[in-house]
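Data block below; observations after.
Numbering starts at 1 and runs along the sequence shown. Atoms within each ligand, like the ligands themselves, are counted from 1 in listed order.
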Amino acid sequence: MKGANAVSARPDYSRLPAIDALLRHPGLRNVLEDFGDPVVTDMARNVISRLRSELSEGKALPTHDQIADRVVRQVTRLMSSNLRPVFNLTGTVIHTNLGRAPLAPEAVEAMRRAAGAAALEFDVSSGKRGDRDSIVEDWLIRLTGAEAATVVNNNAAAVMLVLNTLSEGRECIVSRGELIEIGGAFRMPDIMSRAGAILREVGTTNRTHLRDYENAASPETGMMMKVHTSNFVVQGFTKMPTEPEIAGAAKTAGIPFVNDLGSGMLIDLAAYGLPHEPTPAEAIRDGADIVTFSGDKLLGGPQAGLIVGRADLIQKLKKNPLKRALRLDKMTLAALEATLQIYANPAKLTERLPTLRLLTRPATDIAAIASRIAGAIAKQLGDTVTVDCLACHSQIGSGSLPVDLLESTAVRITPNGPRRGSGSRLEALATAFRSLPKPVIGRIADGALLLDCRCLEDESEFTEQLSYLAP
Ligand SMILES: *Cc1c(COP(=O)(O)O)cnc(C)c1O
């Protein structure tokens, strides 16, 4: 430690326990038994090296029991999952960074059952080889009215597969108003070039006419495409041909019309007081030859890209070698099948499908839960903070608009004390909530931590862990 504190005496490193002595400490017996020598030895070395620098900074040496305890905590942290369950109190219901749609218990149970050997590509009645898509294909046909269906890893993969299969080396006609970026590096023009399709933009940002599509069609054209622009609106002097019109133009040109719905909800959300989201069934009825949509957005299932449409085109998609690279695993197929089955009974949908339940949760229920947990938080944190309830709006998320629709209530936690340094006190508060055994993720706005209670269902699980927060 050259250049360390010149005035103090050289720290006495000999007082640090040796690694093998530390490993023999009775406090480590359980972690050694559960997790084995290699990780416990690694963590013991970490702790000793940390203590070495603490000693050089002039800190006191903890007792051997305390040192063993530090090792246990490090081992336990290492051996717990990195994919931690959290409370999503951000106010965004379908939050991409927090895993999008929460799955229904039926979907979770289906994954558990599929985890062992399962008839994934095996027809149990004939004993012959089967097709994994058949696990969900009939359900997708039933719920969308399409002729056929296939599934891949996510909707970005679905779009990629469709473009590559139907438009490789050929032009894909799309309106300039629909060349979207949806975040996470998904930009339509980039996906197209990676899929080998040649982008043929038509119209302008705000206005595209049917004749723009018609005039662009040539022997070089592979397909016409419509992309649902869910995450922004173009207002004012705007025009887009209807879907049946584009479908008609594609038919005249003898090429497929593909509609990428993005979220794509299987049922009419307007019936639940939510903004109408185009359904795959409507898109098929309006003449799309292929429709693509996500499994884990409004649909409320696992991450997947669902593709429905004309049987001959679906057959082509399945024969593309890319399909093999993008295929779904059995766990996802199991969860997807169970989720689709929930749609079989629309009367029970808001009860059994968590996404829809959260999106339709009565504002009075949310206000009541907010008021109760505000009380619990105020009691725990004492006069270090001011806690109150704030009327706010939740967001659907995953690009669905509008943002001012879902009335909700947030618990607002404002650090007390002088204005100076209030930013770092607020950060510390947010960190403390994120450091709970099941991290609580809120959002910071106007000098306060906001916990939107729309997605808080297990109230006692939330309040029980509040005791870990220092007052
Ligand atoms: C979300 C979205 C995608 C991508 O779907 P992922 O399931 O996230 O891969 C593609 N197109 C549109 C219009 C979308 O909204």
Side-chain angles (χ1 to χ4, degrees), residues 92-103 107 136 140 149-167 172 174-195 197 199 223-234 240 243 246 257-266 269 274-280 282-283 286 288 290-309 317 322-323 325-329 332-333 335-336 339-340 355 395-403:
T92 300
V93 177
I94 306 169
H95 197 301
T96 297
N97 304 145
L98 299 181
R100 287 201 184 156
L103 292 180
V136 291
L140 286 169
T150 183
V151 282
V152 288
N153 184 53
N154 55 23
N155 191 36
V159 171
M160 179 100 183
L161 179 65
V162 170
L163 283 166
N164 179 261
T165 309
L166 304 181
S167 206
C172 172
V174 60
S175 162
R176 286 201 168 84
E178 296 175 351
L179 290 174
I180 58 163
E181 166 174 323
I182 55 158
F186 183 97
R187 302 174 114 194
M188 224 11 125
D190 299 343
I191 293 279
M192 278 203 199
S193 66
R194 286 293 167 151
L199 172 60
M223 60 187 249
M224 287 188 190
M225 185 174 196
K226 181 172 178 61
V227 184
H228 184 52
T229 56
S230 47
N231 57 0
F232 68 96
V233 280
V234 180
M240 272 300 293
E243 286 163 43
I246 306 174
F257 170 42
V258 173
N259 193 343
D260 174 27
L261 288 184
S263 206
M265 185 46 161
L266 289 169
L269 281 181
L274 293 165
H276 176 76
E277 187 76 26
T279 68
E282 287 164 4
D286 284 345
I290 289 285
V291 181
T292 58
F293 53 107
S294 285
D296 58 351
K297 290 183 177 172
L298 281 168
L299 194 138
Q303 179 188 303
L306 316 185
I307 311 173
V308 300
L317 297 178
L322 263 183
K323 168 66 169 61
L326 303 173
R327 75 183 184 188
L328 280 186
D329 72 303
T332 306
L333 280 164
L336 182 58
T339 306
L340 294 173
T355 339
Q395 306 203 9
I396 298 173
S398 280
S400 290
L401 291 175
V403 296

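- Heavy-atom proximity to Arg100, at under 4.0 Å, picks out these atoms of ligand 1: 6 (P), 7 (O), 8 (O).
- Each of the atoms 4 (C), 5 (O), 6 (P), 9 (O) of ligand 1 lies under 4.0 Å from some heavy atom of Ala156.
- With rounding to the nearest 0.5 Å, the separation of CG in Leu299 from CE in Met265 is 6.5 Å.
- With atom 11 (N) of ligand 1 as the reference point, the heavy atom nearest to it among Asn259, Asp260, Ile94, Val152 is part of Asp260.
- The nearest protein atom to atom 3 (C) of ligand 1, hydrogens excluded, is given as Ile182 CD1, 3.2 Å; this is a heavy-atom distance.
- Atom CZ of Arg187 has 12 or fewer heavy atoms from other residues, nucleotides or ligands within 6.0 Å.
- Not a single donor-acceptor pair under 3.5 Å links the side chain of Ser167 to the backbone N or O of Leu163.
- One finds the OG atom of Ser263 at 8.5 Å from the CD1 atom of Ile396 (value rounded to the nearest 0.5 Å).
- Taking each of Lys297, Lys226, Gln303, Met160 in turn, the one with a heavy atom nearest to atom 14 (C) of ligand 1 proves to be Lys297.
- Looking at Met188 against ligand 1, nothing comes within 4.0 Å, counting heavy atoms.
- When the heavy-atom distances from atom 10 (C) of ligand 1 to Thr96, Leu306, Asn155 are ranked, the shortest goes to Asn155.
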Check your understanding: Leu261 and Glu277: side-chain contact (heavy atoms from CB on, under 4.5 Å), yes or no, with the steps?
Key -> CA-CA 9 Å; Leu261 288 184; Glu277 187 76 26; over 6 Å; no
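- Atom numbering of ligand 1 starts at 1 in the shown order; those under 4.0 Å from a heavy atom of His228 are 13 (C).
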Practice item. In sequence, state the C-alpha distance, the side-chain angles, and the governing distance for Leu306 and Val151, and then conclude on side-chain contact (heavy atoms from CB on, under 4.5 Å). Key: CA-CA 5 Å; Leu306 316 185; Val151 282; 3.5 Å; yes
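- In terms of polar-atom proximity, Ser294 is counted as a contact of ligand 1, with an N or O under 3.5 Å from an N or O of the ligand.
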